[in-house]
Each structure stands twice: as structure tokens, then as C-alpha cells.
Novice: 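Pasting a structure below so you can have a look.
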Amino acid sequence: QAQLVESGGGLVQPGGSLRLSCAASGFTFSSYAMSWYRQAPGEERELIASIASNGGTNYADSVKGRFTISRDNAKNTVDLQMNSLKPEDTAVYYCNAVGRTYYPYTRVYWGQGTQVTVSS
């Protein structure tokens, strides 16, 4: 029943920008921490940005200063604004949600991913 759907991926030239969006449904979005991960071919999935229910954010060093994560609890969406894109940003980007049910259990949801390709 819970669902995360990413959109906004595509092909962009180095130095360009993209805005990814993740639409959530089927769970209490405002109670969940939301994150963006990415995975390049042959690489492990990497946490690149997260945002808590109260809006607090964290970023991987590789994207800090270039990417911005935000959420809109009224719309049940989380976005990732990506600026100054580099070829090494090329990956499938995944939306993730984590929320506590009761100790020690949590609920974890994943989107299907959206491809971002940075190339000239």
C-alpha cells in the first residue's frame, strides 16, 4: 500500500541542474525521515541526502554545497535540487522513507529509482 514514486531524472550537461521529486502515499509521511540515495553501475548504494520530520538535513560530502533536499509535508513530497552537476553524479537515484513503529521495529520504503545522466 505504501508507495514512493520518483520523477525528474534525465540527461543533463556538466554544470547543469535537475530537480528530482518523490511523491509518497499510503503512510504517515510527516512522521518519516526521508532520504535520497544513488547507485552507479558497479558501486554500492550511497546515501547522499536526508531530511528529518522537523526539516533538519544532512548531506554526503560528495554533494554538500551543490544539492539541496527539501520536503513538503502538506503535499507528501520530498525534492532534491541538484546544481553544478558532474559526470560522477551519474546514477540511479532512489527515494527512501524510514519511520518507527514500535521498539525495536521500523518501517522502510523504497522507490523504484530514476536515472540521472550527466554527460556532454
Side-chain angles (χ1 to χ4, degrees):
Q1 192 170 49
Q3 189 174 23
L4 300 174
V5 180
E6 301 97 335
S7 62
L11 175 64
V12 64
Q13 293 186 333
S17 297
L18 282 175
R19 189 175 184 91
L20 306 183
S21 185
C22 173
S25 61
F27 63 97
T28 306
F29 177 83
S30 60
S31 299
Y32 280 65
M34 302 298 298
S35 298
W36 286 95
Y37 288 73
R38 68 185 182 189
Q39 188 167 25
E43 303 292 333
E44 66 181 16
R45 191 168 295 188
E46 175 192 18
L47 173 63
I48 57 171
S50 61
I51 184 166
S53 296
N54 66 1
T57 59
N58 285 285
Y59 298 92
D61 288 343
S62 58
V63 306
K64 194 174 185 66
R66 299 187 297 120
F67 291 10
T68 302
I69 189 171
S70 61
R71 68 189 296 158
D72 187 336
N73 287 342
K75 296 180 179 179
N76 288 1
T77 58
V78 58
D79 289 359
L80 185 69
Q81 178 66 47
M82 304 185 295
N83 298 326
S84 301
L85 283 162
K86 305 174 181 179
E88 51 262 47
D89 295 319
T90 296
V92 177
Y93 284 70
Y94 297 92
C95 184
N96 166 269
V98 179
R100 180 175 294 278
T101 55
Y102 52 91
Y103 182 84
Y105 301 106
T106 60
R107 293 185 184 273
V108 181
Y109 304 120
W110 289 94
Q112 292 297 307
T114 185
Q115 177 71 48
V116 172
T117 302
V118 184
S119 177
S120 59

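Throughout, numbering of the chain's residues begins at 1 and tracks the sequence.
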Novice: Going by atom type alone, with no hydrogens or angles, which donor-acceptor pairs under 3.5 Å involve a side-chain atom of residues 94-106 and a protein atom two or more places apart or on another chain?
Specialist:
residue: Thr101; atom: OG1; partner: Tyr105; partner atom: O; Å: 3.1

Novice: What distance do Glu44 atom CD and Gln39 atom CD have between them, rounded to the nearest 0.5 Å?
Specialist: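 The CD atom of Glu44 sits 8.5 Å away from the CD atom of Gln39.
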Novice: Could you see if Tyr93 belongs to whatever hydrophobic cluster contains Val12? Use Ile, Leu, Val, Met, Phe, Trp, Tyr and a side-chain cutoff under 4.5 Å.
Specialist: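 Hydrophobic grouping puts Tyr93 with Val12.
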Novice: Report yes or no: do Glu46 and Ser62 form a side-chain donor-acceptor pair below 3.5 Å?
Specialist: yes
Novice: Hey, what do you get for OG (Ser119) to CG (Asp89), rounding to the nearest 0.5 Å?
Specialist: 12.5 Å
Novice: Going through the distances and angles, do Thr90 and Gln115 end up as a side chain to side chain contact (heavy atoms under 4.5 Å, CB included)?
Specialist: CA-CA 8 Å; Thr90 296; Gln115 177 71 48; 4.0 Å; yes
Novice: Can you tell me how far CD of Gln3 sits from SG of Cys22, rounded to the nearest 0.5 angstrom?
Specialist: 9.5 Å
Novice: Give me the atom names and distance for the closest heavy-atom approach of Glu6 to Gln112.
Specialist: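 So the two residues come closest at OE1-N, 3.1 Å.
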Novice: Output side-chain donor-acceptor pairs under 3.5 Å for residues 71-85, partner residues at least two apart or in another chain, one line each.
Specialist:
residue: Arg71; atom: NE; partner: Asn73; partner atom: OD1; Å: 2.9
residue: Arg71; atom: NH1; partner: Tyr32; partner atom: O; Å: 2.8
residue: Arg71; atom: NH1; partner: Ile51; partner atom: O; Å: 3.3
residue: Arg71; atom: NH1; partner: Ala52; partner atom: O; Å: 3.2
residue: Arg71; atom: NH2; partner: Phe29; partner atom: O; Å: 2.9
residue: Arg71; atom: NH2; partner: Tyr32; partner atom: O; Å: 2.9
residue: Arg71; atom: NH2; partner: Asn73; partner atom: OD1; Å: 3.4
residue: Asp72; atom: OD1; partner: Ala74; partner atom: N; Å: 3.0
residue: Asp72; atom: OD1; partner: Lys75; partner atom: N; Å: 3.3
residue: Asp79; atom: OD1; partner: Ser21; partner atom: OG; Å: 3.0
residue: Asp79; atom: OD2; partner: Arg19; partner atom: NE; Å: 3.1
residue: Asp79; atom: OD2; partner: Arg19; partner atom: NH2; Å: 3.2
residue: Gln81; atom: OE1; partner: Arg19; partner atom: NH1; Å: 3.0
residue: Gln81; atom: NE2; partner: Asn83; partner atom: OD1; Å: 3.0
residue: Asn83; atom: OD1; partner: Ser17; partner atom: OG; Å: 2.9

Novice: Kindly work out whether a path of hydrophobic side-chain contacts (I/L/V/M/F/W/Y, heavy atoms less than 4.5 Å apart) joins Val116 to Met34.
Specialist: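 Yes, because Val116 and Met34 connect within a single hydrophobic cluster, where side-chain heavy atoms sit under 4.5 Å apart.
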Novice: Can you name the nearest heavy-atom pair linking Ser53 to Ser30, along with the distance?
Specialist: OG-O, 2.9 Å
Novice: Examine Leu47 and Val63 and state if one hydrophobic cluster contains both, with Ile, Leu, Val, Met, Phe, Trp and Tyr joined whenever side-chain heavy atoms are less than 4.5 Å apart.
Specialist: no
Novice: Which heavy-atom pair separates Tyr59 from Ile69 by the least distance, and what is that distance?
Specialist: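 Here Tyr59 and Ile69 meet closest at OH-N, 2.9 Å.
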Novice: Out of curiosity, does Leu4 fall in the hydrophobic cluster containing Val108 (side-chain heavy atoms, cut-off under 4.5 Å, transitive links)?
Specialist: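 Result: no, two separate clusters.
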Novice: Using 0.5 Å steps for rounding, measure from the CZ atom of Phe67 to the CZ atom of Arg38.
Specialist: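 The CZ atom of Phe67 sits 5.5 Å away from the CZ atom of Arg38.
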